[in-house]
Amino acid sequence: MNKQNLTYIVIFLVFLIVVLLFALRPDDRPSAPESPAEFETVSVEEAREMIEKDDVFILDVRTPAEFNSSHIEGATLIPVTNSGGSNLSPDQLLEARINEVPKDKKILVYCRTGHRSVTASKILVAAGYSDAYNMEGGITAWTGAGYPVVS
């Protein structure tokens with residue numbers, strides 16, 4: 001083996017060692033971002049307890065027509081989507097009006113049956129809200145349990 005081949009082998013081994021050192025250092029690898037906080041799904045019974053006991057912001061994410069038909073007393077209407085024939089502009093929907101939802105209170109979210117409220121709860125969590133509660137079954141389950149509404 002001549003001197004030139006030996007030099008190439010040494011350079012290759014040094015390069016290999018450097019690569020392995022960086023590859024085997026788990027502390028320096030970018031970690032996966034933490035998953036955002038999740039919202040909690042609560043029953044209508046738990047939702048009623050929250051309303052009676054806690055300082056809670058009640059968020060109705062249905063359409064104005066649905067809200068005007070009946071809603072939980074004290075609820076604030078901020079629709080999450082255009083559905084049921086409503087034709088609201090994007091600036092009237094939750095994503096544009098998120099700043100109207102307080103960050104210092106628990107947020108109880110409901111819709112008619114519980115589907116739109118899941119979407120709204122995900123939007124809240126993505127916006128940094130940590131106390132979002134989705135009411136399972138929506139106002140249909142609420143009235144089915146005999147709880148009062150404002151008409």
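This structure is a prediction, so every number in the text was calculated from the model and none was measured.
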Do [X] and [Y] come within less than 4.5 Å of each other through their side chains, counting heavy atoms only?
{"X": "Y147", "Y": "V44", "answer": "yes"}
{"X": "K106", "Y": "F57", "answer": "no"}
{"X": "L94", "Y": "L59", "answer": "yes"}
{"X": "M135", "Y": "L108", "answer": "yes"}
{"X": "I78", "Y": "E100", "answer": "yes"}
{"X": "P79", "Y": "R97", "answer": "yes"}
{"X": "L93", "Y": "T81", "answer": "no"}

How long is the straight-line distance from [atom2] of [Y] back to [atom1] of [X], given to the nearest 0.5 Å?
{"X": "K122", "Y": "L124", "atom1": "NZ", "atom2": "CG", "result": "12.5 Å"}
{"X": "L77", "Y": "R62", "atom1": "CG", "atom2": "CZ", "result": "8.0 Å"}
{"X": "E38", "Y": "T41", "atom1": "CD", "atom2": "OG1", "result": "9.5 Å"}

Do [X] and [Y] share a hydrophobic cluster, counting only Ile, Leu, Val, Met, Phe, Trp and Tyr and linking them when any side-chain heavy atoms are less than 4.5 Å apart?
{"X": "I139", "Y": "V56", "answer": "yes"}
{"X": "I58", "Y": "F67", "answer": "no"}
{"X": "M50", "Y": "V149", "answer": "yes"}
{"X": "I107", "Y": "Y110", "answer": "no"}
{"X": "I72", "Y": "V42", "answer": "yes"}

V118 and F39: CA distance, side-chain angles, deciding distance, side-chain contact (heavy atoms from CB on, under 4.5 Å) verdict
CA-CA 9 Å; V118 167; F39 61 89; 3.9 Å; yes
Does the [X] side chain pair with the main chain of [Y], one donor and one acceptor, at a distance under 3.5 Å?
{"X": "T140", "Y": "R112", "answer": "yes"}
{"X": "S69", "Y": "A65", "answer": "no"}
{"X": "W142", "Y": "P148", "answer": "yes"}
{"X": "Y129", "Y": "V101", "answer": "yes"}

Using a side-chain heavy atom cutoff under 4.5 Å and only I, L, V, M, F, W and Y, what cluster partners does Y8 have?
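Members besides Y8: none; it forms no cluster.
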Using a strict threshold of under 4.0 Å (side-chain N to carboxylate O), is an ion pair present between E66 and R116?
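E66 and R116: salt-bridged.
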Salt bridge check, E45 against R48: does any charged N sit closer than 4.0 Å to a carboxylate O?
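So R48 does not pair with E45 through a salt bridge.
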Can you sort out the partners of E73 under side chain to side chain donor-acceptor pair (under 3.5 Å), two or more places apart, ordered by chain and number?
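Per chain and number, E73 pairs via side chain to side chain donor-acceptor pair (under 3.5 Å) with no residue.
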Taking CD in Q92 as the centre, count heavy atoms belonging to other residues, nucleotides or ligands within less than 6.0 Å. Is the count above 12?
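More than 12 within 6.0 Å, yes.
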Within the supplied structure, the quantity of interest is the number of heavy atoms (other residues, nucleotides, ligands) at a distance under 6.0 Å from E46 CD; does it exceed 12?
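Yes, because the 6.0 Å sphere around CD of E46 holds more than 12 heavy atoms from other groups.
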